[in-house]
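Accompanying notes for the structure given below.
Below, chain A is the first sequence line, B the second, and so on; all start at residue 1. From a predicted model like this one, the values you see are computed outputs, not experimental measurements. We use all heavy atoms of the structure for the numbers below, so side chains are in, but hydrogens, waters and symmetry mates are not.
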Amino acid sequence: METAVDMQVTLQVSTDWLFQLIWILAFIFIWVYGQKIQTILTLKEIEGSLSRLKNMRDRGRQTVISTIKEIGKPAEDPTPRVDRLLEHVDIEPVSLDPTGIIRRLEHIIDVRDFRLKEEVRQMAPQADETQINNLTNVLEAALALNHVYKVVRHYYLMGKKTLSFYVILQIQMLLPLIMRESEAFANALKAFTLGQPIGDGAGALVAARLMHGNEKRLIAQDTIVSETQIEGRKAYVIKAKGPGGNVGKPGEAIKQILEEEEGKVALIIMIDAAQKLEGEKAGEVAEGVGVAIGGPGVDKYKVEEIATKYKVPLSAILIKESIEDVVSTMRKEIVDGAEEAIDRIKRIIRESTKEGDIVIIAGVGNTIGIAQ
Amino acid sequence: MGEREPRRTPIFFMSVIIFMLIMSLAALLLAIEAYLVQGKLEIINIILSASALFLATYMFIQIRRRSISLGFETLKVSTIIQCLKCDYRNVREFEKGDYILRDAGSCPKCGGTLIIHSIFRESKEKD
């Protein structure tokens with residue numbers, strides 16, 4: 001009886017040893033290959049996101065093709081042309097000699113816009129001007145999704161090839177932000193297709209409210225101005241021409257008005273959407289000084305130049321929103337923010353100018369879904 | 001645009017998870033056996049079993065594919081129609097062709113001009 005118990009104990013001791021040996025081997029394996037395992041796990045995570053990005057890109061491409069077919073009634077299939085346009089690249093001007101770089105950049109942007117609109121016009125012969133502008137916006141959103149997908153795929157494949165933890169880490173760290181932005185663009189496709197106002201149009205909405213019911217004239221490419229009276233001052237209100245998807249040329253428009261009035265302008269107020277910080281509420285309104293225009297900087301430069309030349313004070317009103325809100329259908333909070341911005345404009349005019357003065361008010365942003 | 005779809009079945013990781021689960025079960029059985037035969041509590045084996053189980057669960061959560069949200073959710077978009085003369089106001093669902101400041105007929109209350117005052121979406125996200 002005792003021998004049987006002894007044998008059982010001996011068997012358990014040897015099983016224990018074998019078992020502990022397996023654990024030690026497993027521990028050594030994890031110690032040696034731990035980073036490789038982590039790298040493969042990270043690659044898997046990127047692979048999942050890449051798959052989502054690919055779906056977004058494909059849906060974007062499909063949206064462009066179906067919208068062109070539906071609105072433009074083309075004689076031939078637009079698919080090969082859309083595929084070619086999705087690979088479109090813009091080459092920035094050389095910056096080694098910065099003299100005149102803004103002028104050169106503006107030229108490249110103008111050529112790009114013209115080319116894209118012409119391509120859309122040829123693909124959608126039945127579309128009117130508003131629809132052409134909206135279709136161009138849809139195409140640009142699909143182009144952005146395609147570009148993001150290709151950049152992420154590049155880093156993923158590079159990481160997979162080299163199995164370098166640091167190559168993979170770079171894309172993994174940025175992935176949450178990239179996904180947020182891509183989802184915003186995916187939502188933008190719907191807004192652009194239906195011609196709904198987007199968050200970026202907050203400034204344009206403010207200008208539209210101020211100029212509604214007054215005479216308007218074209219002052220620069222795709223940009224209109226209206227003369228109105230606000231708090232006893234003569235106000236020039238500027239916005240991009242809607243309701244098609246346009247940003248216009250607010251910089252050029254402000255320059256033209258200042259030249260027309262020979263610099264006798266008491267104040268320039270610019271209203272634009274601005275990216276909020278986490279924790280801030282969408283639709284919050286902030287005031288400041290300076291030129292409130294985003295983008296590549298051409299319009300910002302023009303306003304800064306001309307305002308400095310005539311020593312005109314610059315006021316900025318910003319309507320806060322997240323990166324997702326900028327290209328998605330406008331939120332209720334942003335509409336409310338635009339109403340508050342109008343009250344702020346009136347207050348700034350009362351406080352900073354005298355009756356009879358001239359002021360310029362520019363509502364900056366994409367005016368899709370907003371007329372005047 | 002004919003690139004390969006990323007591989008979806010993580011065979012290697014599933015094997016590691018299964019190995020971890022077997023090790024966890026074996027450590028647990030050893031601990032139980034030691035307790036029943038010798039009457040002693042083998043803390044080491046219990047810890048090993050628990051940590052192997054934890055590691056397997058962690059790896060499973062890591063490789064599990066998240067539900068695919070493509071950012072193509074249907075959003076509820078509303079159009080507000082307002083009279084320029086009186087306080088008449090009507091909220092309806094967005095219709096194709098709507099845009100802000102578009103004429104929307106005449107007011108049923110005072111006969112004044114109706115315009116689309118605003119178009120917006122109801123947002124679910126928190127700031």
Side-chain angles (χ1 to χ4, degrees), chain A residues 5 8-9 12 15-16 19 22-23 26 37 40-41 44-45 47-48 50-52 54-56 58-59 61 83 153 156 182-187 189-190 194-197 205 208-209 212-213 242-243 276 278-282 322 324-325 328-335 368-372, chain B residues 1 3 5-8 10 12-13 16 19-20 23 26-27 29-30 33-34 37-38 42 44-45 48 51-52 55 59 62-66 68-80 84 94-103 115-123 125-127:
Chain A
V5 172
Q8 202 173 351
V9 171
Q12 201 196 335
T15 322
D16 265 8
F19 192 65
I22 295 172
W23 270 113
I37 293 171
I40 296 167
L41 273 173
K44 286 246 66 97
E45 193 189 322
E47 200 177 281
L50 190 64
S51 165
R52 289 170 67 194
K54 187 176 183 294
N55 278 317
M56 284 187 212
D58 292 346
R59 285 282 295 269
R61 175 179 169 270
D83 284 341
R153 186 184 61 180
Y156 167 73
S182 303
E183 273 167 26
F185 275 117
N187 277 325
L189 285 165
K190 182 120 190 173
L194 296 170
Q196 292 168 343
L205 178 61
R209 292 254 193 274
H212 185 233
K276 73 178 183 74
E278 287 300 323
E280 286 184 318
K281 284 198 170 78
S322 69
E324 295 96 326
D325 294 332
S328 307
T329 308
M330 198 177 273
R331 280 172 70 170
K332 172 92 172 66
E333 293 86 340
I334 298 167
V335 176
I368 189 164
I370 306 167
Q372 47 273 327
Chain B
M1 301 189 181
E3 66 280 328
E5 271 275 310
R7 193 166 57 88
R8 279 172 183 273
F12 172 72
F13 287 104
V16 173
F19 174 74
M20 289 286 188
M23 293 292 280
L29 284 174
L30 280 175
E33 198 184 358
V37 176
Q38 295 168 24
E42 287 221 331
I44 296 283
N45 275 336
L48 280 176
S51 52
L55 214 64
M59 279 183 92
Q62 282 242 326
I63 62 165
R64 199 181 56 152
R65 207 157 281 279
R66 266 177 266 163
I68 296 176
S69 144
L70 295 179
F72 287 96
E73 298 92 16
T74 315
L75 305 163
K76 189 178 178 278
V77 180
S78 308
T79 298
I80 292 187
L84 288 174
F94 175 85
E95 286 168 13
K96 210 171 173 182
D98 282 358
Y99 58 82
I100 294 175
L101 300 182
R102 200 194 87 181
D103 278 352
I115 57 153
I116 293 181
H117 180 263
S118 45
I119 296 168
F120 56 82
R121 73 180 156 100
E122 306 287 348
S123 56
E125 62 258 50
K126 284 177 189 165
D127 293 317

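- Contact check for B/Leu84 versus A/His212: side-chain heavy atoms found under the 4.5 Å cut-off.
- Heavy-atom contacts from other residues, nucleotides or ligands closer than 6.0 Å to CD1 of B/Ile44 number 12 or fewer.
- If you measure heavy-atom distances from A/Ile37 to chain B, the contacts under 4.5 Å come from both the backbone and the side chain.
- A heavy-atom distance below 4.5 Å is found between the side chains of B/Arg121 and A/Asp325.
- A distance of 10.5 Å separates CD in A/Gln196 from CD1 in B/Ile100, rounded to the nearest 0.5 Å.
- Proximity to chain A (any heavy atom under 4.5 Å) is shown, for B/Leu48, by both the backbone and the side chain.
- Atom CG of residue B/Leu101 and atom CG of residue A/Leu205 lie 7.5 Å apart, to the nearest 0.5 angstrom.
- Looking at every heavy atom in both residues, A/Arg331 comes nearest to B/Phe120 through C-CB, 3.9 Å.
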